[in-house]
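Written below as structure tokens is the structure these notes are about.
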Amino acid sequence: MLMPKKTKFRKVQRGTMKGRSKGARSIAFGEYGLQAVEPGWLSAQQIEAVRVSMSRKLKKVGKLFLRVFPDKPVTKKPAETRMGKGKGPVDRWVSVVKRERIICEISGLGEQEARLVLKQASYKIPMKTRFVKKSDFHES
């Protein structure tokens with residue numbers, strides 16, 4: 001499972017997901033990418049599902065770049081626990097994905113094949129996404 005090896009703090013506050021992503025808003029490594037349209041959390045399991053789905057479709061032809069990493073711990077108290085006695089243990093690790101963030105990129109494929117691969121990957125992501133090309137960012 002993806003998670004940081006070392007963190008400064010064991011538990012963090014939930015935070016907010018307002019606004020656009022500060023970085024990773026343009027395609028940097030590949031030719032085509034998947035961009036988030038709405039904010040959300042992407043768990044380590046979901047990121048792994050995206051990676052497995054895309055690598056099965058690519059079949060050693062193209063190259064895959066993941067632009068998200070689950071570096072935020074999410075805590076959860078056990079069921080039927082009384083209030084108080086502190087924050088619960090870490091339940092899972094998530095990546096905060098804000099609007100316009102590039103989630104993953106691919107290179108070495110034609111546009112039609114890239115659309116199919118990224119469409120399969122978007123089924124594993126719990127938020128609305130859209131297909132973007134590198135040329136979309138150079139024009140604006």
Side-chain angles (χ1 to χ4, degrees):
M1 182 174 69
L2 285 173
M3 60 189 279
K5 288 180 183 169
K6 186 178 175 185
T7 57
K8 188 170 182 180
F9 301 105
R10 288 184 304 133
K11 301 170 185 178
V12 298
Q13 294 182 337
R14 298 178 78 87
T16 179
M17 289 184 275
K18 288 193 313 187
R20 298 187 312 173
S21 178
K22 185 178 173 190
R25 292 197 331 213
S26 64
I27 293 181
F29 305 105
E31 298 160 18
Y32 305 102
L34 206 57
Q35 187 177 41
V37 176
E38 60 185 15
W41 281 350
L42 207 53
S43 70
Q45 289 81 11
Q46 290 163 340
I47 294 170
E48 180 66 12
V50 168
R51 188 194 65 78
V52 168
S53 168
M54 291 179 72
S55 62
R56 282 184 183 159
K57 287 283 180 184
L58 288 175
K59 294 183 180 174
K60 299 181 182 177
V61 176
K63 192 161 183 179
L64 163 68
F65 304 94
L66 284 173
R67 301 282 303 273
V68 289
F69 185 79
D71 57 353
K72 182 182 183 81
V74 174
T75 60
K76 187 176 181 184
K77 283 193 163 195
E80 299 181 10
T81 305
R82 293 185 178 196
M83 290 291 108
K85 300 191 174 158
K87 198 171 172 84
V90 173
D91 184 47
R92 63 185 193 272
W93 291 86
V94 297
S95 172
V96 178
V97 177
K98 292 186 176 182
R99 288 187 298 124
E100 298 185 13
R101 183 175 181 102
I102 303 293
I103 297 170
C104 56
E105 299 176 14
I106 55 175
S107 65
L109 293 178
E111 184 174 343
Q112 293 301 319
E113 297 158 333
R115 278 186 189 273
L116 287 174
V117 171
L118 290 172
K119 187 173 183 181
Q120 287 294 318
S122 71
Y123 292 145
K124 307 289 182 185
I125 298 175
M127 62 191 79
K128 289 182 183 174
T129 58
R130 71 171 157 231
F131 177 83
V132 289
K133 294 185 275 188
K134 192 168 193 169
S135 61
D136 295 343
F137 297 99
H138 288 294
E139 293 171 2
S140 59

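What you see is a predicted model; the values in this text were computed from it and never measured.
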| For the atom pair CG (Leu34) and SG (Cys104), what is the distance rounded to the nearest 0.5 Å? | 4.5 Å
| task | Please name the pair of heavy atoms, one in Gly33 and one in Leu118, separated by the smallest distance, quoted to 0.1 Å. | result | O-CD1, 3.6 Å
| Roughly how far, to the nearest 0.5 Å, is the CG atom of Leu2 from the CH2 atom of Trp93? | 11.5 Å
| task | Looking only at non-hydrogen atoms, find the nearest pair between Ser122 and Thr129 and report the distance. | result | CB-OG1, 3.4 Å
| said: Could you work out, with side chain to side chain contact (heavy atoms under 4.5 Å, CB included) as the rule, every residue matching Asp91, not counting sequence neighbours? | reply: Lys76
| message | Taking salt bridge (Lys or Arg N to Asp or Glu O under 4.0 Å) as the definition, give me every residue that meets it alongside Lys63, ordered by chain and number, with sequence neighbours left out. | response | none
| query | Under 4.5 Å between any side-chain heavy atoms of Pro70 and Leu42, yes or no? | reply | no
| Tell me, which pairs form a salt bridge (charged side-chain N to carboxylate O under 4.0 Å, His left out) where one or both residues lie in residues 108-122, sequence neighbours left out? | Glu111-Arg115, Glu111-Lys133
| Nonpolar side-chain network containing Met83, other nodes, edges under 4.5 Å | none
| remark: Between the CG atom in Asp136 and the OH atom in Tyr32, the distance rounded to the nearest 0.5 Å is 10.0 Å
| note | Nearest heavy-atom approach of Trp41 to Pro126 is O-CG, 3.9 Å
| In one Ile/Leu/Val/Met/Phe/Trp/Tyr side-chain cluster, 4.5 Å: Leu64, Ile125 | yes
| query | Between atom CE of Met127 and atom CD of Glu38, what is the distance when rounded to the nearest 0.5 Å? | reply | 7.5 Å
| Considering residues at least two apart in sequence or located in another chain, which fulfil the salt bridge (Lys or Arg N to Asp or Glu O under 4.0 Å) criterion with Glu100? | Arg20, Arg25
| field | Partners meeting salt bridge (Lys or Arg N to Asp or Glu O under 4.0 Å) with Arg92 (sequence neighbours left out) | value | none
| field | Residues that, via side-chain heavy atoms closer than 4.5 angstrom, fall in one hydrophobic cluster with Leu116 | value | none
| query | Can Ile102 be reached from Val97 by stepping across I, L, V, M, F, W or Y side chains whose heavy atoms are under 4.5 Å apart? | reply | no
| query | Mind checking what makes side chain to side chain donor-acceptor pair (under 3.5 Å) contact with Glu31, not counting sequence neighbours? | reply | none
| message | If I compare all heavy atoms of Ile27 with all of Val132, which pair ends up nearest, and what's the gap? | response | CD1-O, 3.6 Å
| Counterpart residues, ring pair (Phe, Tyr, Trp, His ring centres under 6.0 Å), relative to Phe69 (two or more places apart) | none
| request: Specify the closest pair of heavy atoms between Gly30 and Ser107, including all atoms of both residues, with the distance to one decimal. | output: CA-CB, 3.8 Å
| said: List the residues meeting salt bridge (Lys or Arg N to Asp or Glu O under 4.0 Å) with Arg99, not counting sequence neighbours, and say none if there are none. | reply: none
| said: Using side-chain heavy atoms (C-beta onward) and a distance below 4.5 Å, is Pro73 in contact with Thr7? | reply: no
| Which pair of non-hydrogen atoms, one from Lys98 and one from Ala36, has the smallest distance, and what is that distance? | O-CB, 3.8 Å
Please list, one pair per line, the donor and acceptor atoms closer than 3.5 Å that link side chains of residues 49-61 to other protein atoms, with sequence neighbours excluded.
{"residue": "Arg51", "atom": "NE", "partner": "Glu48", "partner atom": "OE1", "Å": "3.2"}
{"residue": "Arg51", "atom": "NH2", "partner": "Glu48", "partner atom": "OE2", "Å": "2.6"}
{"residue": "Ser55", "atom": "OG", "partner": "Arg51", "partner atom": "O", "Å": "3.0"}
{"residue": "Ser55", "atom": "OG", "partner": "Val52", "partner atom": "O", "Å": "3.1"}

| task | Could you list all the salt bridge (charged side-chain N to carboxylate O under 4.0 Å, His left out) pairs where at least one residue sits in residues 66-75, not counting sequence neighbours? | result | Arg67-Glu105
